[in-house]
Trainee: 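One structure coming up, written as structure tokens, with questions to follow.
The shown structure was predicted, so the numbers you read here are calculated from the model rather than taken from an experiment. We use all heavy atoms of the structure for the numbers below, so side chains are in, but hydrogens, waters and symmetry mates are not. Along the sequence shown, residues carry numbers from 1.
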Amino acid sequence: MQSTAKTPQDYIDSLPEDRKEAINKIRQAIQKTLPEGFQESMGYGMLCYSVPHSIYPKGYHCDPKLPLGFMSLASQKNFIALYHMGIYANPKLLDWFTTEFPKHSKSKLDMGKSCIRFKKMNDIPYELISELASKMTVQQWIDCYESAFKK
């Protein structure tokens with residue numbers, strides 16, 4: 001479900017009540033610890049946390065007009081999705097997250113390469129998400145991105 005909202009708050013305001021609360025709590029968990037330099041905006045119909053062109057002028061290699069994406073948050077049809085490119089690009093971070101997840105949630109971890117899916121709104125590990133958001137600085141993400149994705 002891609003949103004046409006222009007701002008993060010418009011996006012949240014457009015959600016059903018059960019999703020609004022959960023997305024708001026995840027957003028707050030991310031904002032609480034996300035290192036300085038990442039910028040919140042809308043992109044691909046989701047809340048996005050990116051490295052702005054003012055810090056990384058090259059932008060995203062597939063479309064340099066776009067800032068370098070890092071994390072995204074979306075309310076999908078059957079779940080809430082948290083996309084974290086650092087997990088996709090950094091095996092140590094992925095190992096840390098998969099080891100920690102069972103300590104913070106009763107649900108089984110449901111994830112793809114960069115997508116973590118939350119189907120049960122009452123079992124979202126907000127503190128773990130907050131800790132995950134803090135694990136990579138802007139410069140660490142740029143370095144990781146350039147070594148993993150740029151050719």
Side-chain angles (χ1 to χ4, degrees), residues 1-3 5 8-9 11-12 15-16 18-53 55-56 58-63 66-151:
M1 297 186 327
Q2 243 189 24
S3 172
Q9 193 57 54
Y11 178 75
I12 291 169
L15 297 173
D18 64 325
R19 296 293 181 92
K20 191 180 296 188
E21 181 181 354
I23 291 280
N24 235 340
K25 284 176 143 180
I26 294 170
R27 181 185 185 205
Q28 290 168 354
I30 291 168
Q31 289 175 332
K32 182 169 71 171
T33 61
L34 192 67
E36 190 175 329
F38 290 106
Q39 181 177 1
E40 183 184 63
S41 64
M42 289 297 298
Y44 302 102
M46 305 180 271
L47 289 173
C48 291
Y49 300 89
S50 306
V51 180
H53 284 101
I55 295 174
Y56 191 70
K58 297 175 190 177
Y60 177 49
H61 70 280
C62 292
D63 185 352
L66 296 175
L68 176 58
F70 178 58
M71 292 178 73
S72 298
L73 179 60
S75 177
Q76 304 292 5
K77 183 178 180 180
N78 296 313
F79 55 87
I80 289 177
L82 176 66
Y83 302 90
H84 192 291
M85 291 304 295
I87 282 179
Y88 179 65
N90 184 323
K92 285 183 182 179
L93 186 58
L94 174 61
D95 288 345
W96 170 82
F97 185 77
T98 56
T99 300
E100 288 299 311
F101 188 86
K103 300 174 189 176
H104 295 267
S105 179
K106 295 179 218 103
S107 298
K108 182 181 177 213
L109 179 58
D110 180 3
M111 71 181 288
K113 290 181 179 180
S114 73
C115 176
I116 305 158
R117 292 176 283 274
F118 301 106
K119 293 178 181 166
K120 296 178 181 175
M121 301 304 110
N122 61 348
D123 197 25
I124 296 173
Y126 299 106
E127 286 304 314
L128 181 62
I129 292 168
S130 187
E131 192 173 348
L132 175 62
S134 75
K135 291 283 186 186
M136 205 174 263
T137 66
V138 166
Q139 190 56 55
Q140 288 169 328
W141 171 232
I142 291 169
D143 293 344
C144 183
Y145 167 77
E146 288 187 340
S147 68
F149 299 109
K150 292 277 296 198
K151 293 179 180 173

Trainee: Closest approach of Tyr56 and Ile142, non-hydrogen atoms and distance?
Mentor: CE1-CG2, 3.6 Å
Trainee: How close do Val51 and Trp141 get, heavy atom to heavy atom, and via which atoms?
Mentor: CG2-CD1, 3.8 Å
Trainee: Kindly say whether Ser130 contributes a backbone atom to a donor-acceptor pair with the side chain of Thr33 at under 3.5 angstrom?
Mentor: yes
Trainee: With a 3.5 Å cut-off and sequence neighbours excluded, list the donor-acceptor pairs that the side chains of residues 78-87 form with protein atoms.
Mentor:
residue	atom	partner	partner atom	Å
Tyr83	OH	Gln76	NE2	3.2
His84	ND1	Gly86	N	3.1
His84	ND1	Ile87	N	3.1

Trainee: Locate the shortest heavy-atom distance separating Ile124 from Ala22; write the atom from each residue and the value.
Mentor: CD1-CB, 3.9 Å
Trainee: Which heavy-atom pair separates Phe118 from Ile116 by the least distance, and what is that distance?
Mentor: CZ-CG2, 3.5 Å
Trainee: Consider side chain to side chain donor-acceptor pair (under 3.5 Å). Of Gln140, Lys58, His61, which one does Tyr145 pass it with?
Mentor: His61
Trainee: Measure the CD-CG distance between Glu100 and Leu109 for me, rounded to the nearest 0.5 Å.
Mentor: 12.0 Å
Trainee: Which heavy-atom pair separates Tyr126 from Met121 by the least distance, and what is that distance?
Mentor: OH-O, 3.9 Å
Trainee: Is there a side-chain contact between Phe38 and Ile30 (heavy atoms, below 4.5 Å)?
Mentor: no
Trainee: Show me, pair by pair, the donor-acceptor contacts under 3.5 angstrom made by side chains of residues 89-97, not counting sequence neighbours?
Mentor:
residue	atom	partner	partner atom	Å
Asn90	OD1	Lys92	N	2.9
Asn90	OD1	Leu93	N	3.0

Trainee: Within the distance-only criterion (no hydrogens, no angle test), does the side chain of Asp110 pair as donor or acceptor with the backbone N or O of Arg117 below 3.5 angstrom?
Mentor: no
Trainee: Could you tell me which non-hydrogen atom of Ser105 sits nearest to which non-hydrogen atom of Asp123, and how far apart they are?
Mentor: OG-OD2, 2.9 Å
Trainee: Do Phe70 and Met136 come within less than 4.5 Å of each other through their side chains, counting heavy atoms only?
Mentor: yes
Trainee: How long is the gap from NZ on Lys20 to OG on Ser75, to the nearest 0.5 Å?
Mentor: 11.5 Å
Trainee: As an exercise, state the distance from CD1 of Ile129 to NZ of Lys25, rounded to the nearest 0.5 Å.
Mentor: 11.0 Å
Trainee: Would you check if Cys48 and Met71 make a side-chain contact, meaning some heavy-atom pair closer than 4.5 Å?
Mentor: no
Trainee: If you define the side chain from C-beta out and look only at heavy atoms, does anything of Ser50 sit under 4.5 Å from Gln39?
Mentor: no
Trainee: Under 4.5 Å between any side-chain heavy atoms of Glu40 and Arg27, yes or no?
Mentor: yes
Trainee: CZ/Phe101 to CG/Leu132 distance, rounded to the nearest 0.5 angstrom?
Mentor: 11.0 Å
Trainee: If you measure from CG on Leu68 to NE2 on His53, what distance do you get to the nearest 0.5 Å?
Mentor: 9.0 Å
Trainee: Kindly write out the residues that satisfy side chain to side chain donor-acceptor pair (under 3.5 Å) with Asp143, not counting sequence neighbours, or none if the list is empty.
Mentor: Gln139
Trainee: State, yes or no, whether a side-chain contact exists between Ile26 and Leu47 at a heavy-atom distance under 4.5 Å.
Mentor: no
Trainee: What's the spacing between Leu73 CG and Ile23 CD1 if we round to 0.5 Å?
Mentor: 4.0 Å
